[in-house]
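First up is the structure itself, then whatever we jot down about it.
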Amino acid sequence: MAEPDLQRVVVVGGGTSGWMTAAALVRLLPHRCQVHLVESEAIGIVGVGEATLPHIRAFNERLGIAEAEFMAATRATFKLGIEFRDWARIGDSYIHPFGTFGRGSGDVQFHHYYARLLHAGVQMPPIEAFSMACTLARTNRFALPSNDGRQITSTFGYAYQFDAVAFAPYLRRFAEQLGAGRTEGRIVDVRRDGESGDVSALVLEDGRTVEGDLFVDCSGFASLLIGKTLGEPFQDWSRWLPADRAVAMPCRTATAVTPYTSAIAMPAGWRWRIPLQHRTGNGYVFASDFVSDQQAMDALRGAVEGVALAEPRVLRFKAGRRERSWVNNVIAVGLSGGFLEPLESTSIYLVQQAITALIELFPERHVSDVDRDEFNRIVDMEYDRVRDFLILHYHATQRDDSEFWNYVRTMPIPDSLAEKMDLFRRRGRVVKYREGAFLDASWVSVYLGQRVLPAGHDPRAETPSADSLIAGMKALEAEIRAAAVAMPDHLAYLDRYCPMSAAA
Ligand SMILES: Cc1cc2nc3c(=O)[nH]c(=O)nc-3n(C[C@H](O)[C@H](O)[C@H](O)COP(=O)(O)OP(=O)(O)OC[C@H]3O[C@@H](n4cnc5c(N)ncnc54)[C@H](O)[C@@H]3O)c2cc1C
């Protein structure tokens with residue numbers, strides 16, 4: 001029984017979203033709610049989702065999770081960005097870094113100066129040479145960034161690559177220690193209040209019931225509450241993001257434990273490579289309209305670098321989201337509310353943003369429409385922006401070597417993305433967001449990497465003389481290179497900082 005003024009929150013599902021939600025609520029709102037999670041080990045979790053965005057560090061910090069301990073327990077490696085290979089043209093490679101180009105200071109962004117020199121016909125190295133994160137990634141080095149904003153080593157961020165199957169159990173231990181309850185069992189029915197339509201209880205296979213005031217639907221693709229029970233419509237975005245399956249297969253690491261994830265374009269999609277401490281995760285994300293499961297499996301088997309550690313496993317999904325994520329007293333977090341393919345490792349980020357919004361808008365005894373609408377606005381905005389960013393990778397290609405690439409290159413795109421691309425093409429302007437996953441450097445790296453070049457640049461980039469600009473760029477490149485060389489090898493750093501052998 002909850003204390004009279006505590007809301008009874010029932011979390012449905014014990015995957016990454018379920019335990020992230022439970023851990024955050026027990027840790028951050030102990031005086032507002034009592035948390036109980038229901039999951040079915042027989043159903044299991046999706047078991048993928050190994051690459052993250054830097055925002056996850058803030059999530060862990062808020063919860064008071066110690067980084068080295070967490071990394072050892074989840075066999076994690078560091079991630080400085082994502083390498084995109086063969087995307088605009090076969091043979092191309094660029095990195096979307098977590099960090100800035102240049103020092104990231106000043107009113108005029110670095111890429112305008114870079115573009116100015118290109119427009120003047122100056123021979124320039126790829127823009128990566130001016131990014132600390134890219135240079136570290138390319139040289140396979142890592143150390144934690146400096147906190148001193150004057151240092152070039154403060155200009156990068158990082159995320160983690162971790163074992164998806166180890167993350168939820170780690171958070172479960174954390175949440176249970178803080179008082180979260182847990183019931184094991186398969187939910188077979190959902191009871192609703194006849195008048196309000198709110199969910200009132202879950203009925204388990206063995207007849208037990210779990211009652212609550214607020215229900216967080218983390219039931220994965222089953223979408224038990226928001227989809228099946230409340231029937232909230234699904235916005236299908238597969239016309240823009242046609243990949244609808246993935247085949248996943250881990251292998252032994254045979255090459256470098258890189259501090260970055262690779263996304264390698266394939267004839268009908270792309271392939272991920274995510275190196276962890278104990279193995280490498282691989283998967284081929286593909287569009288089933290263009291390639292069969294068997295062809296995808298064969299292609300993945302042929303591509304992985306080391307001995308396979310499991311049989312290939314096919315997962316099915318559809319790009320899109322529920323029209324609303326919070327309906328009545330049900331809040332969808334994670335795959336139950338929507339999915340955008342893992343090209344930019346955004347799912348766990350979207351889970352985190354939904355949890356943050358829930359905590360900020362946590363209801364009084366009665367849910368207010370205004371709070372619910374605000375929650376839905378935040379979630380929709382995050383999904384819509386990630387959607388546009390993902391579509392950019394596919395649409396801005398010059399590849400014409402398969403039906404799949406011909407489709408994505410020529411498909412109509414959302415107006416919101418077309419406007420962003422026009423702005424960048426004209427004068428290198430990146431649409432400004434005050435909030436959201438991807439800020440300027442992310443868009444710049446993908447535009448340039450996908451060969452979307454600006455015709456002009458910010459007029460303020462004309463102020464310094466060309467000679468001083470060229471000299472400044474050369475000095476910056478050398479400073480970044482020297483700082484990178486002074487850092488340890490990624491694997492050596494992991495061995496010192498958070499070896500999996502140190503896990504409790
Ligand atoms: C191919 C692929 C690759 C991905 N890669 C990434 C990535 O690199 N980075 C990233 O951020 N994200 C990635 N994701 C997404 C990521 O895996 C998910 O966002 C994350 O794992 C959260 O999943 P979930 O907890 O919502 O669902 P799940 O893990 O599926 O958990 C659902 C839970 O609900 C329970 N459940 C369901 N039905 C019932 C029932 N009837 N009774 C009781 N319990 C029930 C299950 O037992 C389970 O505990 C990827 C997803 C896919 C498909």
Side-chain angles (χ1 to χ4, degrees), residues 10-22 37-56 59 79 82 159-169 171-172 182-190 202-206 208 210 216-229 243-249 261-263 269-274 276 281-286 296 300 312-319 321 325 332-355 386 437:
V10 178
V11 178
V12 176
T16 295
S17 348
W19 284 112
M20 279 178 78
T21 305
L37 185 145
V38 182
E39 67 177 316
S40 159
E41 271 172 19
I43 295 174
I45 65 171
V46 69
V48 279
E50 312 206 306
T52 61
L53 293 181
H55 309 72
I56 194 166
F59 180 84
K79 176 180 172 192
I82 305 176
Y160 312 114
Q161 306 170 130
F162 57 55
D163 188 336
V165 179
F167 187 40
L171 290 175
R172 175 181 162 185
R182 173 183 180 273
T183 294
E184 165 64 34
R186 182 188 290 259
I187 300 158
V188 291
D189 199 9
V190 178
L202 310 172
V203 182
L204 307 186
E205 207 168 25
D206 59 8
R208 284 174 297 162
V210 180
V216 187
D217 185 355
C218 298
S219 63
F221 289 130
S223 198
L224 218 53
L225 301 186
I226 196 96
K228 291 208 176 94
T229 305
D244 59 353
R245 288 188 198 175
V247 50
M249 189 176 77
T261 294
S262 296
W270 62 280
R271 171 167 73 83
W272 77 74
R273 175 186 186 270
I274 306 179
L276 311 179
N282 307 281
Y284 180 0
V285 175
F286 61 97
L300 184 65
R313 185 164 68 100
V314 176
L315 299 117
R316 292 163 186 236
F317 50 81
K318 192 185 275 182
R321 63 165 165 79
S325 291
V333 174
L335 300 175
S336 65
F339 183 59
L340 290 168
E341 57 146 286
L343 184 58
E344 283 280 356
S345 324
T346 42
S347 275
I348 295 172
Y349 163 81
L350 291 169
V351 167
Q352 181 184 338
Q353 294 310 97
I355 294 170
V386 170

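Read the numbers this way: they start at 1 and go in the same order the structure lists the ligands and their atoms.
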query: Using the ring of each side chain (for Trp, its six-membered ring), is F317 parallel, tilted or perpendicular to F221, with breaks at 30° and 60°?
result: parallel
message: Using a 4.0 Å cut-off on heavy atoms, what residues surround ligand 1? Order them by chain and number.
response: G13, G14, G15, T16, S17, E39, S40, I43, G44, I45, V46, V48, G49, E50, A51, G185, R186, I187, C218, S219, G220, L224, A246, W272, G334, L335, F339, P342, S345, S347, I348
- line: d(S219 OG, I43 CD1) to nearest 0.5 Å is 9.0 Å
query: OG1/T346 to CD/E341 distance, rounded to the nearest 0.5 angstrom?
result: 8.5 Å
query: If every non-hydrogen atom of Y284 is compared with every non-hydrogen atom of A296, which pair is closest and at what distance?
result: CD2-O, 3.5 Å
- request: Decide yes or no on side chain to side chain contact (heavy atoms under 4.5 Å, CB included) for L276 and Q161, but give the supporting numbers first.
  value: CA-CA 6 Å; L276 311 179; Q161 306 170 130; 3.9 Å; yes
- prompt: So, R182 and E41, do they make that salt bridge, N to O below 4.0 Å?
  reply: yes
